[in-house]
Amino acid sequence: MRIWFSILIAALAFPASAQSAKGDPAKARKALERALDLEASGKMEDAFKACSEAIEASVDLAAAWRLRGKIRWQLGETEFGAADLNRALAIDPNDADAWLIRGEILTSAGKYEEALKDFDRATGFGRDTAQLYSARGVVEVRLKQYDNAITDFTRAIKLRLDAPGTYKDRGVTYTLMGKFQDAVEDYNRALSLKPDYAEVFLERGYVFGQLGQFERAIPDFTMVLKTQPGNSKAYTLRGAAYQQMGQAQAAVIDYSEALKLLPNSVSTLLARGAAYAELEQFEASLKDRDRAVELAPKSAEVYIARGGVHHLLGNHQKGLADRDKAIELAPKMPEAWLARGSANFLLDNFEKAKADLEQALRLNPVLEEAKEVLARTEEKLSASKVAAVASLATRPPAPRETSLSAVQTIAEKELLPTPKAMTATAPQIIAPQATPPQATQPQATAPQATTPQPTLPQPATLQPTAVQPTVSQSAPTASPTASPTTPAAKPSQSVYAKQTPTPIPQTLATPPADPDASQGLTADNYNLLARELNQGGDFRKAIELFTQAIAKKPDFPIAYNGRGYAFMRLNEFKLAEENYSLAIKYNPRYANAYKNRSAARAKLGDLAGSQQDLAMSRQLSSQ
């Protein structure tokens, strides 16, 4: 416990009468008036001296103790300020202003429950000001009492319409609640009152990212950097927005600027590593993730991330070793088991992959990616058994005494190139507990490196926070995402704009011959190859392979979902929506497709449809 709390208790232990003296009340009042004038003019040291003179003249003057406590707090002498406030309240327990100021001191010390009680006492003693409601609203946000906070911020705004900070704080609260349109309205009001409000540009840019409006987010982050060129968070978030728009090189530039300001930021190193991976600069990506491991050797997320780069470089055993380390550090982290299961899948260790993925689902039964990779793994295992039975059925009889030792069950391998593995998706912008319309929840994406959530500064300000929405495709992935950012991508022309899915035949008595089957190129093969291309950023080629997968298997929901992702990254949002709708048509319980379609619809301006899809995704994921 901090020393100053002992001082608080000690101050309460001495009743006012113990040191009371009549003194010179007139002299004390005069000194107090001078102290108030000096405080108003910003001359805090002189104001402190004048308060001390007032106290010497009349030790029972509660207002002098209260003002001196406030001044000491503002001068950084928190413990002494708290002691003076306690003295004021011992003299006059009904002093609403003293309860308010002490509540603010407790807030700055992180004692939110105690601060809330002091603010409640202040209102109980008749205090009804914008300052009080705003201060209490900030504490309620920190205690995650968002509805109460909205009520208090709204009261504060009614009492004072010209306070941009209160609009900002209410906007942040709406952001944390996932009410992004309401948040944007409050940020707009704040900027109308204070056009150079950098903190609001940062917050609004973040929300635009959550809505998938990256082309609007980037100018806001740029405005922050005009007035705050040393704002590393603005560089990081702008880099993340560029990355989501498919501009990985611009993202690398911004992440690099952020790292000049904060060279040991693990989350930014992971984000830049992901951008390098999209540019196929895998050695540079590995260097960033090696550094992240050096800085955070006890973090499972950094090993998951580095393992992904090893897979991209074809070093699958090293990738597996990093996933082993992640599980050692965080055995209850479902994403670590998903990552190792994906690594084992890439190494054709399907039995081990199955065990890892089942463990991931025991830890998190709604981990969508684990379900889908497990389904692919079980298909591989079934194919192995079929191949083994076929082998036994066609080979000549063997002598009884050697048959048990000679027969081997070998899974038929696909004629695929060594998996190029999957690059990390763009990092994600975050705010605690806010769940925006996004293509995938952090828990539903492939193993991801997490980002420390931004903290809410000072009692009067709140800082950006919210969860990271990205369009995701479900598939075994070798590389996790980095951290800060948001969903989707920006519009451009697609070579697939005129192509439509192959219709499903009503009847098919005799399946047509598949010329690729003899080479192992089944619908699943094309789907896996297409997903690797998606993760590598070659979206146009990925669309071609997804289309071939769909031609072989017209009711293939995962392929439609993957092709929708590719269109999303090419900013062909209408085509993305159509493909997600087809995925849902063939699998009405496909939570990931609903989430992805939510992001596409948000980009198309269909916010009602987006929210409806997001609600359905949550409902299915919770079942």
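- Here CG of N231 is found 12.5 Å from CD of E257. Values are rounded to the nearest 0.5 Å.
- Between I253 and Y235, every side-chain heavy-atom pair lies at or beyond the 4.5 Å cut-off.
- Distance check: W65 CH2 to D84 CG gives 5.5 Å after rounding to the nearest 0.5 Å.
- Donor-acceptor pairing under 3.5 Å is recorded for the side chains of S299 and E301.
- To the nearest 0.5 Å, atom CG of residue D288 and atom CG of residue L269 are 5.0 Å apart.
- A donor atom on one side chain and an acceptor atom on the other are not found under 3.5 Å apart for T166 and R160.
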Practice item. Carefully, step by step, assess R189 and D186 under the rule side chain to side chain contact (heavy atoms under 4.5 Å, CB included). Key: CA-CA 5 Å; R189 291 190 187 101; D186 272 351; 2.8 Å; yes

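- For the side-chain contact (heavy atoms from CB on, under 4.5 Å) criterion with V138, the lone passing option out of E140, R142, R136 is R142.
- The shortest heavy-atom contact between D60 and I91 is O-CG2, 3.3 Å.
- For the pair F48 and R72, the minimum side-chain heavy-atom distance is below 4.5 Å.
- Between the side chains of Q619 and Y594, not a single donor N or O lies within less than 3.5 Å of an accepting N or O.
- Closest approach of K603 to L211, counting heavy atoms only: CD-O, 4.4 Å.
- No side-chain heavy atom of L132 sits under 4.5 Å from any side-chain heavy atom of D128.
- S58 places no side-chain N or O within 3.5 Å of a backbone atom of I55 that could act as its donor or acceptor partner.
- Under the rule for a salt bridge (Lys or Arg N to Asp or Glu O under 4.0 Å), the partners of D220 that lie at least two apart in sequence or sit in another chain are R204.
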Exercise for review: Take M177 and I150 through the test side chain to side chain contact (heavy atoms under 4.5 Å, CB included) and record every step on the way to the result.
Suggested key: CA-CA 10 Å; M177 297 171 75; I150 292 294; 3.9 Å; yes

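- Of the residues listed (E577, R618, R601), the one engaging D613 in a side-chain contact (heavy atoms from CB on, under 4.5 Å) is R601, and it is the only one.
- Using a 4.5 Å cut-off on side-chain heavy atoms (C-beta onward), R102 and N86 make contact.
- For the pair R68/I71, no side-chain contact is recorded, criterion being any heavy-atom separation below 4.5 Å from C-beta on.
- Side-chain contact check for Y167 versus L161: some heavy-atom pair is nearer than 4.5 Å.
- Judged by distance alone, with hydrogens and angles left aside, the side-chain atoms of S134 form no donor-acceptor pair with the main-chain N or O of Q131 at under 3.5 Å.
- Taking 4.0 Å as the cut-off between side-chain N and carboxylate O, K194 and D196 do not count as a salt-bridged pair.
- Not a single donor-acceptor pair under 3.5 Å links the side chain of S232 to the backbone N or O of A258.
- When K260, R238, R272 are each tested for a salt bridge (charged side-chain N to carboxylate O under 4.0 Å, His left out) with D254, only one passes: R238.
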Practice item. Before giving the answer on side chain to side chain contact (heavy atoms under 4.5 Å, CB included), spell out for N592 and E369 the whole-Å C-alpha distance, their side-chain angles and the decisive distance to 0.1 Å. Key: CA-CA 8 Å; N592 182 263; E369 305 303 323; 3.4 Å; yes

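- Nearest heavy atom pair, residue R66 against residue L85, reads O-CD2, 3.8 Å.
- A salt bridge is absent between D120 and K117; no separation between the charged side-chain nitrogens and carboxylate oxygens falls under 4.0 Å.
- The CG atom of N94 sits 4.5 Å away from the CZ atom of F125 when rounded to the nearest 0.5 Å.
- Taking 4.5 Å as the limit, every side-chain heavy atom of T236 sits out of range of all side-chain heavy atoms of L259.
- Salt-bridge check for K168 with E199: failed, with every basic side-chain N at 4.0 Å or more from each acidic carboxylate O.
- Put simply, OG on S256 and CG on L261 are 11.5 Å apart, with the number rounded to the nearest 0.5 Å.
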Point to revise | side chain to side chain contact (heavy atoms under 4.5 Å, CB included) between L363 and M333, intermediate numbers included | key: CA-CA 7 Å; L363 293 169; M333 180 182 181; over 6 Å; no

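- Between E104 and W73 the shortest heavy-atom distance is CB-CH2, 3.5 Å.
- One distance of note links OG1 of T268 with NZ of K233; it measures 10.5 Å at 0.5 Å rounding.
- The two atoms that bring A234 and F221 nearest to each other are O-CB, 4.0 Å, heavy atoms only.
- At a threshold of 4.5 Å between non-hydrogen side-chain atoms, the residues F153 and V141 count as touching.
- Minimum heavy-atom separation, V252 to A275: CG2-CB, 3.6 Å.
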Practice item. Go through Y187 and T175 one step at a time and tell me if the side chain to side chain donor-acceptor pair (under 3.5 Å) criterion holds. Key: CA-CA 11 Å; Y187 295 145; T175 299; 3.1 Å; yes

Using a 3.5 Å cut-off and no angle test, enumerate the donor-acceptor pairs between side-chain atoms of residues 26-36 and protein atoms at least two apart in sequence or in another chain.
| unit_1 | atom_1 | unit_2 | atom_2 | d |
| --- | --- | --- | --- | --- |
| R34 | NH2 | E53 | OE1 | 2.4 |

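- A 6.0 Å sphere centred on CD of Q612 holds no more than 12 heavy atoms belonging to other residues, nucleotides or ligands.
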